[in-house]
Structures are given as C-alpha cells and as structure tokens.
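If you're wondering where the values come from, they're calculated on a predicted model, not measured in any experiment.
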Amino acid sequence: MVFLKTEDEIELLRQSNLLVGRTLAEVAKLVKPGVTTRQLDKVAEEFIRDNGAIPTFKGFPNQYGEPFPASICTSVNEQVVHGIPGEVVLKDGDIVSVDCGTYMNGFCGDSAYTFCVGEVDEEIRSLLKVTKEALYIGIENAVHGKRIGDIGYAIQQHCEAHSYGVVREFVGHGIGKEMHEDPQVPNYGRRGCGTLMKRGLCIAIEPMITLGNRQIVMERDGWTVRTRDRKCAAHFEHTVAVGVDKAEILSSFKFIEDVLGDKAI
C-alpha cells in the first residue's frame, strides 16, 4: 500500500533525513587511507544516537532473518551495497559507498554517498560523477502525474549512454514510518509505466551503477553484494517528496560537500 504524506509528516521526514546528511558528513571527515570501515561505523552510530535518533540499519533482518550487525553499510570498490563494516583498511585509490539510515520522531531517513579515498583513478571518478548526475536526473522526474518508470528510464538512459551497468536486483523504495515502503523505485524502466506518482509520495531514489556489466553476486555473509566481474560500483541516494512542479529533496549532500570542498564529486 502506498502512503501519501502530509506536510507535517514530510517535515518530520526532512529532520530525520537531514540528520543522515550530517552523519555522512561526520563520516566524510574520517575517510582516508589507513582508516577501517569499523571506525566509520563507530563514529556514525555515536553521532546518530547523540542526536536523539536510532540507526535503522542496525538489527534490520535480511532475507534469511539475520540482523545487520552495524549502523551503516560500507561498500568498498566492487561491493555494490550492504557491505558490513569491519577490519577492512581503506587504501589510497579505493572508493567506499556509505549508506546510512536514521529513525527519529517516528519517521525514517535514508541517503548514501560514494567517497573517494585519497587519489582515485579518473575512470572511477567518472563513474561516481555520472552516477550522481543520474540521481538528480531521476529526481527531476519525481513529479505529480508522472510514473515510477519515468524515473528509472531517465537513470538508465543516462548511465547506459556512458556504457555503465545498471543494477536491477536492488532498487529504491517508498519511505516514511517504515524504512522500506511501497512503491519500489527501480533504476531502469519504461516511460509512462509503473505506479502513478502523486503529491506527498516520499521515495528514496538510489542509482547503483557499475563500471563493468550489471551482473552481481551475493557474498557468503548474506549481506554484501558485489559485482560479478569485480569492477567498481557507485551508489548515491536521496530521499525526496514528490511535488506538483518538482520534487523536494529531503536529505542533503551539502554537509558532506562542505567537508570535502573541492574534492567532492
């Protein structure tokens, strides 16, 4: 069932999503060679809890009922999504996608950003740039009267024009009191198809794009998803509210970009 949000509910969603943006900015301060992904997770969880929220990812069950053991997902290089923070040491030239969720005042926040670690090859930086562009192109289509397929079509066309792979098994989603609500929001599709979007619909749009082909593999931990060809993948995500003329972005990359400065993608 699709739930449309009132203005008051959208404002509560905004507060939770802005906290995600601020949390990702705290992570951005630490992303450098020699840091472990567990260190990123520790800082994120402390910041979320210090601000009166709960990390929604922690304890969230997978398809086997196994709880996610951390507060953020840290997916390094060929890992697409749901990487588990641990003793992985970030190296110069790596990329790390950090996905973060919060629960505050009864509503969820969800956003993701892919960071460069030190000096990253231009080929991979281009992947990140195009993926981030695709996110905003998708958001331009999150308008009252359009359909979910319009978002996916726009993202797919932009990324495939650059010969990148568009992951199909994992998609965006509705968001509100629950982290995952209807409808699903694929990053591929046909114009004019899918759920009709109406004002007040809140969705998380999250392109997951690969440098090689789109085939993926689930690791034995039951969570981590990586590319089959082990080429890098990028992941950017915003939570938005569908509007009459344009979507309203409820999450924010501004806090991250203030930290990264001219190193931001």
Heavy-atom check, side chain of Cys193 versus side chain of Tyr153, under 4.5 Å: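 No, side chains not in contact.
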Heavy-atom distance under 4.5 Å between the side chains of Ile209 and His162, does that happen here?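 A side-chain contact is absent here, since even the closest heavy-atom pair is not under 4.5 Å.
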Suppose the criterion is salt bridge (Lys or Arg N to Asp or Glu O under 4.0 Å): which pairs have a residue in residues 61-89, not counting sequence neighbours?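 Of all non-adjacent pairs touching residues 61-89, those that pass salt bridge (Lys or Arg N to Asp or Glu O under 4.0 Å) are Arg38-Glu87, Glu78-Arg230.
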Could you pull out all donor-acceptor pairs under 3.5 Å where a side-chain atom in residues 197-204 meets a protein atom, sequence neighbours excluded?
none

In this structure, is the centre-to-centre distance between the rings of His235 and Phe170 below 6.0 Å?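 Ring-ring flag for Phe170/His235: false, centres at least 6.0 Å apart.
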Can you check whether Phe236 and Tyr113 have ring centres sitting under 6.0 Å from each other?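 Yes, ring centres under 6.0 Å apart.
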Phe115 and Val27: which non-hydrogen atoms are nearest, and at how many Å?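 Taking every non-hydrogen atom into account, CE1-CG1, 4.4 Å.
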Taking every non-hydrogen atom, the tightest pair across Gly212 and Asp229: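 Looks like CA-OD2, 3.5 Å.
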State whether Arg22 and Glu26 are salt-bridged, where the test is any N-O pair (Lys NZ or Arg NE/NH1/NH2 against Asp/Glu carboxylate O) under 4.0 Å.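 So Arg22 does not pair with Glu26 through a salt bridge.
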Examine distances only and state if a side-chain atom of Ser251 and a backbone atom of Thr239 form a donor-acceptor pair shorter than 3.5 Å.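 Flag set: sc Ser251 to bb Thr239 pair under 3.5 Å.
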Backbone of Tyr103 reached by a side-chain donor or acceptor of Thr56 within 3.5 Å: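 Flag not set: sc Thr56 to bb Tyr103 has no pair under 3.5 Å.
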Could you please spell out the steps behind the side-chain contact (heavy atoms from CB on, under 4.5 Å) verdict for Asn62 and Phe68? CA-CA 7 Å; Asn62 64 7; Phe68 191 74; over 6 Å; no
Counting only heavy atoms not in Arg49, do more than 12 sit closer than 6.0 Å to its CZ atom?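 Count over threshold, so yes.
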Answer yes if Leu250 and Ile256 sit in the same cluster of Ile, Leu, Val, Met, Phe, Trp and Tyr residues linked by side chain heavy atoms under 4.5 Å apart, and no otherwise.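 No, Leu250 does not connect to Ile256 through the hydrophobic network.
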Tell me which donor-acceptor pairs under 3.5 Å the side chains of residues 257-265 have, and how far apart each pair is, sequence neighbours excluded?
{"from": "Glu257", "atom 1": "OE2", "to": "Lys132", "atom 2": "NZ", "distance (Å)": "2.6"}
{"from": "Asp258", "atom 1": "OD2", "to": "Lys254", "atom 2": "NZ", "distance (Å)": "2.9"}

Taking atom types as modelled, is there a side-chain donor on Ser16 or Thr102 under 3.5 Å from an acceptor on the other?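 The criterion, which ignores hydrogens and geometry beyond distance, is satisfied for Thr102 and Ser16.
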Straight-line distance of Leu40 CG to Thr23 OG1, nearest 0.5 Å: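 One gets 12.5 Å once the value is rounded to the nearest 0.5 Å.
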